[in-house]
Amino acid sequence: MLKWFPMARLIFTDTDSLYYLIEAPDVEAKLFEHRDLLDYSDYPLGHKYHDPTNRLKLGKFKCETKGASIIEIVALRPKMYSILMRKDTNPASETVEKQRIKGISRATARDIRHKDYIAQLHDPVENYQINRRIGHKAHQLYSFEVCISLFHLPCALSCALSCALF
């Protein structure tokens, strides 16, 4: 990435993802020049960069937003981030949120919004949620209620980027 965009900055990584801040004119066109390394098969069929050539090939990088632009990213700690992005490739389309909170059930995480990540970044407070799970011990099933701290104070000193990439 730095070979093509020397000023690119790595924002954060997840298990199988790299998020870069690239401030350059027409980033997509420059990336498409190197489409032999990228998988554009998930882009919408009518999109000018849709290319099924590398579909499901191992070792090819893929755009997780499928061509839609990212507006804002808040990464509080590993496996805890929120992304505010466009719903599709149209710059005037509505925004959608994508969150990840490792270790928290979907039902518990459903009520947490992008604005909660921003609030935690600017004014860190301990925030506890009840997480209900089914577990087992000695082949007996039990239901558990665990009070989990969603945003740990020492870890919530990460970065937030607000940028219009496209």
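Because the structure is a prediction, the values reported are computed rather than measured.
For R113, the side-chain hydrogen bond (donor to acceptor under 3.5 Å, both in side chains) partners are E97, not counting sequence neighbours. With sequence neighbours excluded, the residues satisfying side-chain hydrogen bond (donor to acceptor under 3.5 Å, both in side chains) with H34 are W4. Legend: residues meeting side-chain contact (heavy atoms from CB on, under 4.5 Å) with A119, ordered by chain and number and at least two apart, are absent. With sequence neighbours left out, the side-chain hydrogen bond (donor to acceptor under 3.5 Å, both in side chains) criterion links R132 to E145. The side-chain hydrogen bond (donor to acceptor under 3.5 Å, both in side chains) search around D14 returns K79, Y81, not counting sequence neighbours.
With hydrogens and angles ignored, the 3.5 Å screen pairs no side-chain donor or acceptor of D88 with any backbone N or O of S93. With hydrogens and angles disregarded, a donor-acceptor distance shorter than 3.5 Å links the side chain of Q120 to the backbone of V125. Of the possible polar contacts, one joining the R35 side chain to the F32 backbone as a donor-acceptor pair under 3.5 Å is found.
Within 6.0 Å of the CG atom in L37, the count of heavy atoms belonging to other residues, nucleotides or ligands exceeds 12.
Closest approach of S41 and P52 over heavy atoms only: CB-CA, 4.0 Å.
In this structure, CD1 on I22 lies 9.0 Å from CD on E28, to the nearest 0.5 angstrom. The line from CD of Q140 to OH of Y142 is 5.0 Å long, rounded to the nearest 0.5 Å. A distance of 7.5 Å separates CG in D36 from CG in N54, rounded to the nearest 0.5 Å. Expressed to the nearest 0.5 Å, how far OG of S69 lies from NZ of K87 amounts to 14.5 Å.
Classified by interplanar angle (parallel below 30°, tilted 30° to 60°, perpendicular above 60°), the ring pair Y43/Y40 is perpendicular.
Side-chain atoms of E23 and F5, non-hydrogen and from C-beta on, never get closer than 4.5 Å to each other. Between T65 and M85, some side-chain heavy-atom pair lies under the 4.5 Å cut-off. No side-chain heavy atom of I112 sits under 4.5 Å from any side-chain heavy atom of Q99. Contact check for E72 versus I83: no side-chain heavy atoms found under the 4.5 Å cut-off.
Pairs of residues two or more places apart, or lying in two chains, that qualify as salt bridge (charged side-chain N to carboxylate O under 4.0 Å, His left out) and include a residue from residues 57-66 are D39-K62, D42-K62, E64-K98.
When the options L10, I70, T13 are evaluated for a side-chain contact (heavy atoms from CB on, under 4.5 Å) with Y19, the one that passes is I70.
Hydrophobic cluster membership differs between L38 and L56, with clusters built from Ile, Leu, Val, Met, Phe, Trp and Tyr side chains linked at under 4.5 angstrom. If you chain together hydrophobic residues whose side chains sit under 4.5 Å apart, F144 and I101 fall into the same group.
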